[in-house]
Structures are given as structure tokens and as C-alpha cells.
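Note sheet for the following structure.
If you're wondering where the values come from, they're calculated on a predicted model, not measured in any experiment.
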Amino acid sequence: MNPLLPFSQGPVRTLQTMLRTIAHVDHSIPFLRPTGEFDEATLEAVMRFQKCRGLPVTGVVDRQTWDAVMNAFLRAWGTISPPDTLSLFTPATPDVHPGQASPLLPLVQEIFQALSRKLADVTAAPSTGVLDEETAANLRWLQARAALPATGVLDKNTWTMLVRLFDTFAAVPPPARPDR
């Protein structure tokens with residue numbers, strides 16, 4: 001299910017799904033299991049939500065409460081959803097050969113700098129925007145280990161392997177989610 005579109009499952013389940021998402025960032029809201037039934041747990045979650053937001057604590061989901069839940073859901077989803085990915089290589093993106101300049105290369109060089117702090121065989125080449133010999137050597141090293149032709153050329157397959165390597169060794173892990 002797409003968390004941004006919980007509305008296809010009925011209004012109570014939609015409400016429960018939104019409150020559950022809010023509970024990931026607002027720990028005063030109980031963590032609901034969307035059942036589609038407006039049960040005691042749902043009533044408690046609605047009342048706690050109303051109290052925390054300064055709304056009349058009735059347990060009734062009127063327009064004011066619904067709008068507040070919707071706004072809080074959208075903010076919570078923006079907080080817990082994964083960030084958008086960056087697609088640098090489209091079908092029209094040309095490969096970058098040694099000696100060429102490219103706006104992609106400063107990012108590639110920064111990634112190699114981060115990897116050099118974790119992997120002994122990676123060189124911390126300066127971020128020049130040119131596919132210099134140090135960057136080409138890093139690319140060849142990566143290509144050899146990824147069973148790609150070790151050309152030193154930055155292409156889509158090499159970029160994909162570089163991203164995987166960065167995600168494995170240098171990316172900052174996401175914060176732990178509460179156990180619920």
C-alpha cells in the first residue's frame with residue numbers, strides 16, 4: 001500500500017493508517033493496527049491526538065479533527081519517508097572518459113573521498129570535476145571488483161556499483177525507529 005494514498009480502504013482504516021504514521025513521530029499517539037473498525041484503541045488515539053493538538057477532546061472525527069490529522073499525517077510522512085533518489089544516468093547521459101570534465105564528477109570524487117576513509121584501496125582524490133588519473137584509478141579499482149571492464153570510464157553500470165558501495169560503507173544509517 002502506498003502510505004500517501006491510504007484512502008482507498010475506507011474512512012476508518014484511512015484514519016487508523018494516518019494515526020499510525022503520526023505515531024512514528026509523535027509518541028503520545030498510540031500505535032494502531034489498521035483494522036477498519038472504530039474500536040477502543042482508535043477512540044483513544046483520536047482523543048489523545050485531539051488533546052495534543054488543542055482540539056475539543058470528543059473522540060469524534062469531525063472536519064476540524066480530520067483536517068488536523070491529515071496535516072499531521074503529511075508532516076509525519078515527510079519525516080519518515082525515504083528521500084527521493086538521484087538518477088544521474090539517463091539513457092541520454094554520455095559516458096565520461098579520462099580527461100573529460102563533467103558536472104557528475106565532483107559528486108563521484110566526493111563519494112570516493114568518503115569511501116577512502118573506510119576502504120584502504122580507495123584514494124581520496126581532490127574534487128576537480130575532471131576525470132583525472134586518481135579518479136580513473138578509483139573507477140578501475142571499483143570496476144575490477146564489480147566484474148566490469150576496468151576502463152576507468154564513468155558509465156551507468158559503474159555509477160550503479162559506486163552507489164551500492166557508498167550505501168554499504170559510507171552512507172549515514174537512518175535513525176532507529178521505535179519498536180512498536
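No side-chain heavy atom of T158 sits less than 4.5 Å from a side-chain heavy atom of V153. Taking 4.5 Å as the limit, every side-chain heavy atom of K51 sits out of range of all side-chain heavy atoms of R48. R20 places none of its side-chain heavy atoms less than 4.5 Å from the side chain of F73. For the pair F38/V61, a side-chain contact is recorded, criterion being any heavy-atom separation below 4.5 Å from C-beta on. At a threshold of 4.5 Å between non-hydrogen side-chain atoms, the residues L107 and W159 count as touching. Between T151 and Q143 there is a side-chain heavy-atom pair separated by less than 4.5 Å. Between D155 and V96, the closest side-chain pair of non-hydrogen atoms is not below 4.5 Å.
If you chain together hydrophobic residues whose side chains sit under 4.5 Å apart, F112 and V130 never meet in one group. L32 and V60 fall into different hydrophobic clusters, defined by Ile, Leu, Val, Met, Phe, Trp and Tyr side-chain heavy atoms under 4.5 Å apart, directly or through other members.
None of D95, L104, L105 except one satisfies the side-chain contact (heavy atoms from CB on, under 4.5 Å) rule with L131; the exception is L105. Of the residues listed (V69, I29, L15), the one engaging V46 in a side-chain contact (heavy atoms from CB on, under 4.5 Å) is L15, and it is the only one.
For the residue pair T65 / D62, a side-chain donor-acceptor distance below 3.5 Å is found, with atom types taken as modelled. A donor-acceptor contact closer than 3.5 angstrom is absent between the side chains of T14 and T17. Residues D39 and T42 have side chains that bring a donor and an acceptor to within less than 3.5 angstrom of each other. A donor and an acceptor atom, one from each side chain of Q109 and T128, are located under 3.5 Å apart.
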Check the pair Q50 / T58 against side chain to side chain contact (heavy atoms under 4.5 Å, CB included), numbers first and verdict last.
CA-CA 8 Å; Q50 289 171 327; T58 63; 3.5 Å; yes
Stepwise, does the side chain to side chain donor-acceptor pair (under 3.5 Å) test hold for D132 with T135?
CA-CA 5 Å; D132 55 23; T135 304; 2.7 Å; yes
Side chain to side chain contact (heavy atoms under 4.5 Å, CB included) evaluation trace for L142 with L115
CA-CA 11 Å; L142 171 61; L115 289 170; over 6 Å; no
Can you check side chain to side chain contact (heavy atoms under 4.5 Å, CB included) on W66 and M18, steps first, answer last?
CA-CA 10 Å; W66 180 263; M18 290 191 298; 3.4 Å; yes
I'd like to know whether L55 forms a side chain to side chain contact (heavy atoms under 4.5 Å, CB included) with Q64, so could you lay out the CA-CA distance, the side-chain angles of the two residues, the decisive distance to 0.1 Å, and finally the verdict.
CA-CA 8 Å; L55 300 170; Q64 183 181 21; 3.3 Å; yes
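The minimum heavy-atom distance between S116 and T123, with the atom names listed, is CB-C, 4.0 Å. Taking all atoms of both residues into account, the shortest heavy-atom contact from P98 to A136 is CG-CB, 4.3 Å. The minimum heavy-atom distance between R53 and A72, with the atom names listed, is NH2-CB, 3.7 Å. Across every non-hydrogen atom of P34 and R13, the tightest pair is O-NH1, 3.3 Å. Nearest approach of P30 to A23, heavy atoms of both residues: O-CB, 3.8 Å. Here the shortest heavy-atom pairing between L43 and G59 reads CD1-CA, 3.6 Å.
Between M70 atom CE and I22 atom CD1 the span is 9.5 Å, to the nearest 0.5 Å. Here the straight-line distance linking atom CD of E44 with atom CZ of F49 works out to 14.5 Å at 0.5 Å rounding. Considering CG of D26 and CZ of F31, their distance stands at 13.0 Å, rounded to 0.5 Å. Atoms CZ and CD, from F166 and E110 in turn, are 10.0 Å apart once rounded to the nearest 0.5 Å. Interatomic distance, L154 CG to L139 CG, rounded to the nearest 0.5 Å: 6.0 Å. Annotation: the span from N157 atom CG to L148 atom CG amounts to 5.5 Å, rounded to 0.5 Å.
Within a 6.0 Å sphere centred on CD of E37, heavy atoms belonging to other residues, nucleotides or ligands number 12 at most. More than 12 heavy atoms of other residues, nucleotides or ligands lie within 6.0 Å of CZ in R145, so this atom counts as buried by the packing criterion.
The backbone N or O of T35 lies less than 3.5 Å from a partner atom in the side chain of Q16, making a donor-acceptor pair.
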